[in-house]
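Computed from heavy atoms alone, side chains included, the values below leave out hydrogens, waters and symmetry copies. Sequence positions, counted from 1, serve as the residue numbers for this chain.
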Amino acid sequence: MKIHLTSVFVDDQAKALRFYTEVLGFVKKYDVPVSGTDRWLTVVSPEEPGGTELLLEPAGHPAVKPYRDALAADGIPLAQFAVADVRAEYERLTGLGVRFTQEPLEMGPVTTAVFDDTCGNLIQIATQPQ
């Protein structure tokens with residue numbers, strides 16, 4: 001068994017696609033109309049185009065807003081992405097105008113930082129122990 005797809009709820013799929021591709025550097029994999037204006041919209045890492053997909057899922061379900069609001073209020077990231085160097089990625093993203101809620105923080109062998117994805121979520125980036 002392996003993880004094939006995971007999702008983040010987004011307020012606006014077009015805005016999310018721009019942020020996740022143009023700012024974070026993911027690439028679009030699927031963009032299929034589903035119903036009305038909703039789309040099956042996934043992105044992947046350019047380093048692993050056949051790897052785990054991230055679904056940019058519309059946040060229309062009534063349970064989504066209170067769930068995301070509670071996570072954000074407590075500073076809890078909805079997802080985590082691995083990066084080679086958190087400090088370098090923090091500098092790159094800050095230079096692109098990304099707002100961080102947690103600057104790089106070393107916790108033993110792991111360094112993390114948390115940013116606002118502009119689509120209703122906090123996302124953590126982290127280096128993984130070698």
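Looking at Arg92, its side chain does come within 3.5 Å of a backbone N or O of Val23 through a donor-acceptor pair. Side-chain atoms of Gln13 come within 3.5 Å of backbone N or O of Arg39 as a donor-acceptor pair. Judged by distance alone, with hydrogens and angles left aside, the side-chain atoms of Asp69 form no donor-acceptor pair with the main-chain N or O of Ala72 at under 3.5 Å. Without hydrogens or angle criteria, Thr127 side chain to Thr111 main chain gives a donor-acceptor distance under 3.5 Å. Between the side chain of Gln124 and the backbone N or O of Thr112 there is no donor-acceptor pair closer than 3.5 Å. Using a distance-only test at 3.5 Å, with no hydrogens or angles considered, no donor-acceptor pair links the side chain of Asn121 to the main chain of Val10.
Linking Ile, Leu, Val, Met, Phe, Trp and Tyr residues whenever their side-chain heavy atoms come within less than 4.5 Å places Tyr90 and Leu96 in a single cluster. Hydrophobic cluster membership differs between Phe100 and Val110, with clusters built from Ile, Leu, Val, Met, Phe, Trp and Tyr side chains linked at under 4.5 angstrom. Placement of Tyr67 and Leu54 within a single hydrophobic cluster is found when ILVMFWY residues are connected by side-chain heavy-atom separations under 4.5 Å, directly or transitively. Under the 4.5 Å side-chain heavy-atom criterion for grouping Ile, Leu, Val, Met, Phe, Trp and Tyr, Phe81 is connected to Leu93 within one hydrophobic cluster. Taking hydrophobic clusters as Ile, Leu, Val, Met, Phe, Trp and Tyr residues chained together by side-chain heavy-atom distances below 4.5 Å, Phe9 does not share a cluster with Val114.
Nearest heavy atoms, Ala63 versus Pro66: O-CD, 3.5 Å. Ala113 and Val86 make their closest contact through CB-CG1, 3.8 Å (heavy atoms, listed as atom of the first residue, atom of the second, distance). Closest approach of Gly50 and Lys29 over heavy atoms only: CA-NZ, 4.0 Å.
Note that the NZ atom of Lys15 and the OG1 atom of Thr118 stand 4.5 Å from one another [nearest 0.5 Å]. The CZ atom of Arg87 sits 9.0 Å away from atom CD of Glu103, with the distance rounded to the nearest 0.5 Å. Note that CZ of Arg99 is 11.5 Å distant from OG1 of Thr94, once rounded to the nearest 0.5 Å. To the nearest 0.5 Å, the span separating CG on Asp11 from CZ on Arg68 amounts to 4.5 Å. Here the CG atom belonging to Leu17 is positioned 6.5 Å from the CG atom belonging to Asp31, to the nearest 0.5 angstrom. Within the model, atoms CG of Leu41 and CG of Leu56 stand 4.5 Å from one another, a figure rounded to the nearest 0.5 Å.
A 6.0 Å sphere centred on OH of Tyr30 holds no more than 12 heavy atoms belonging to other residues, nucleotides or ligands. A 6.0 Å sphere centred on CD of Gln80 holds more than 12 heavy atoms belonging to other residues, nucleotides or ligands.
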ask   = So Val44 and Glu48, side chain to side chain contact (heavy atoms under 4.5 Å, CB included) or not? Walk me through it.
value = CA-CA 7 Å; Val44 294; Glu48 294 182 0; over 6 Å; no

message = Could you walk me through whether Ile123 and Tyr20 satisfy the side chain to side chain contact (heavy atoms under 4.5 Å, CB included) test, starting with their C-alpha distance in whole Å, then the side-chain angles of each, then the deciding distance to 0.1 Å, before giving a yes or no?
response = CA-CA 11 Å; Ile123 305 293; Tyr20 278 79; 3.7 Å; yes

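Taking the six-membered ring for Trp and thresholds of 30 and 60 degrees, Phe19 and Phe115 have ring planes inclined between 30 and 60 degrees apart.
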